[in-house]
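Below is one structure; the comments refer to it alone.
Every chain is numbered from 1 and lettered A, B, ... according to where its sequence line falls, protein lines coming before strand lines. Since the model is a prediction, treat every value here as computed from it, not as a measurement.
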Amino acid sequence: MDDIIASSTGGHGQPGDGTADQLRWFDITDTDRRRAEALAETAGDVADEIIEAFYAHLLSFEDARRHFRTDAQIERVKRAQQTYFRELLSAPLDAGYVENRRRIGRIHERAGVTPTLYVGAYAYYLHSLGHLVMDRRGQDPQAVPLLLSLIKIAHFDMAQALETYVEAREATIEQREREMSELPTPVLQLRDGLLLIPVVGTLDSYRARSLTVKLLEGIRDHRAKAVVLDITGVAAVDSAVANHLIQTMTAARLMGATSVLTGLSADVAQALVKIGVTGETLRTAGDLQHGIEIAERLLDG
Amino acid sequence: MTSIELPAEHIQRIERDGDVVAARQTGRRIAAEMGFGRPEQALIATAISELARNIVSYAERGSITFRAEDHAGRRGLRIVAEDRGPGIPDLAQAMSDGFSTGNSLGLGLPGTQRIMDEFDIRSIPGEGVTVTVAKWISR
Amino acid sequence: MAVRVPILRQGRTLIASFQDDLSDSDILSLQGRVLEDVIRHRATGVIFDVSALDVLDSFGTRTLSDIAAAVQLRGARMAIVGIQPEVAFSMVLLGLTLSDVPTALDLETGLALLARAVP
Ligand SMILES: Nc1ncnc2c1ncn2[C@@H]1O[C@H](COP(=O)(O)OP(=O)(O)OP(=O)(O)O)[C@@H](O)[C@H]1O
Ligand SMILES: [Mg+2]
């Protein structure tokens with residue numbers, strides 16, 4: 001059950017996991033599958049017709065039309081759509097099926113097909129199939145159960161596609177966050193031998209490492225003897241971040257440069273004390289100006 | 001990144017002091033060829049140095065195996081340090097900062113865990129130690 | 001055995017330049033030679049130039065601290081110069097802080113550092 005509920009947040013890279021659970025969630029049984037399969041032959045005959053009608057409907061929308069450039073392209077997607085449609089009725093709903101549906105979902109997502117278009121297309125197919133069933137088997141007492149089965153399967157199918165949408169969005173957000181955390185940290189030379197590094201944003205361990213590397217290369221390239229690390233712009237300083245800062249300053253010392261940490265709030269000072277940092281091991285200054293003065297004295301002294 | 005033909009696996013025997021140096025040089029070379037940045041190359045070389053030295057110091061002989069890996073576009077280097085020495089009776093203790101039976105700093109194993117992306121240590125007392133570490137190329 | 005780390009003398013300062021990747025026994029043999037030289041030349045300072053090293057691991061670091069302590073016992077001061085950025089980076093992540101030995105960017109600043117320390 002966790003699988004189903006959490007799949008859009010935790011299920012990266014494992015499409016098809018828990019397919020059986022999902023089927024249970026949609027209450028899709030072998031009976032449903034058999035009913036749909038029985039319809040497959042009839043629907044196969046009219047698939048052409050349904051899809052032609054669908055594209056006529058689709059292409060009457062400006063937004064949708066933008067996705068198609070040539071008639072050949074339209075023919076190609078129509079053929080693909082027929083396969084998609086047939087599979088909906090007859091393919092075994094297994095991990096392979098789910099993976100394939102998700103793959104197609106990803107392609108649509110990338111092509112800019114909106115969820116509305118997607119869900120609308122399913123609604124259209126269900127609608128067409130509904131008419132088909134009622135036209136041909138209106139008298140059959142099995143007609144309504146068959147329709148209900150179709151609705152379940154279509155929703156299951158839709159869920160697969162929408163999951164890929166959510167995953168893609170998340171990947172985009174993650175990517176953006178990553179880019180944010182890779183915001184270049186400027187290394188500024190204030191004067192000969194003195195560097196200023198204003199640290200801005202969040203300082204996770206990934207970014208802390210790149211900050212350290214950047215600082216160390218800066219020390220080498222500028223032959224710096226003192227570094228002012230200003231953390232006024234750091235979002236949150238917990239003990240992990242404090243540890244990163246200490247590591248960075250220790251590494252600077254190994255290269256022969258002394259660092260001064262500036263812009264500490266009272267909270268941050270507290271965090272530093274908590275991890276056992278004392279004034280002797282770490283030079284700090286309340287504000288940037290004061291920090292620079294300390295660093296200059298270190299250089300001149 | 002051009003793809004370079006790497007041998008699937010490279011094994012370095014560790015028996016002497018000099019092998020420690022050879023192993024970390026090999027590791028660094030492979031890491032550089034795979035496209036790891038210089039800081040990562042140094043981390044990998046340092047980890048190898050620690051693992052190889054532990055073999056020489058505590059087990060006399062063993063081996064280090066390098067394996068370039070590629071999982072769904074994620075490239076990395078896996079390193080396995082193995083020996084059939086006395087083993088480690090208490091892994092938790094050996095993994096804590098500062099614990100050393102060799103009158104050393106006791107940072108080799110816990111430090112290696114810190115600098116690599118993956119770390120796994122197994123030991124059966126009397127039958128040796130296997131440490132498996134990996135580092136992935138950050139995209 | 002070939003001497004892999006030559007010890008040079010400049011005034012009363014000894015300078016040991018590590019050539020490249022050193023084995024543990026190279027470092028250990030250096031320890032004895034440096035201490036002898038400190039006494040023989042009545043050196044007041046010792047500089048280890050490690051700019052050519054691309055790894056400084058727990059053994060290397062511990063040995064350098066040991067040498068520094070022994071040098072100090074003989075009345076001289078020691079500094080380590082030229083730790084490269086990626087070496088410093090690996091050292092801190094490993095947990096090596098070398099807190100008992102002064103460090104400097106390069107030979108020049110190292111010499112200045114020792115000159116200031118010894119009146
Ligand atoms: N391959 C091994 N075989 C047997 N014991 C080992 C092995 N590797 C490590 N140990 C044990 O684990 C302890 C901790 O190892 P670790 O590398 O962390 O520290 P160390 O080697 O003692 O010191 P350092 O690596 O800092 O110089 C060792 O002192 C030793 O008792
Ligand atoms: Mg060790």
C:Thr109 and C:Asp106: side-chain donor and acceptor closer than 3.5 Å?
yes
Closest non-hydrogen atom pair between B:Ser63 and B:Ile11, with its separation:
CB-CG2, 4.1 Å
For each of C:Leu94, C:Thr61, C:Leu96, tally heavy-atom pairs with chain B at distances under 4.5 Å, and name the one with the top tally.
C:Leu94
Report yes or no: does C:Arg77 contribute a side-chain atom to a donor-acceptor pair with the main-chain N or O of C:Gly45 at less than 3.5 Å?
no
Please rank B:Gln41, B:Arg24, B:Arg16 by heavy-atom pairs under 4.5 Å with chain C and give me the top one.
B:Arg24
So if I apply the side-chain contact (heavy atoms from CB on, under 4.5 Å) rule between C:Val81 and each of C:Leu105, C:Ile47, C:Val50, C:Leu113, which one comes out positive?
C:Ile47
Heaviest contributor of heavy-atom pairs below 4.5 Å to chain C, chosen from B:Pro39, B:Ser57, B:Gly18, B:Ser104, is B:Ser104
Where does B:Arg38 contact chain C at under 4.5 Å (heavy atoms): side chain, backbone, both or neither?
both
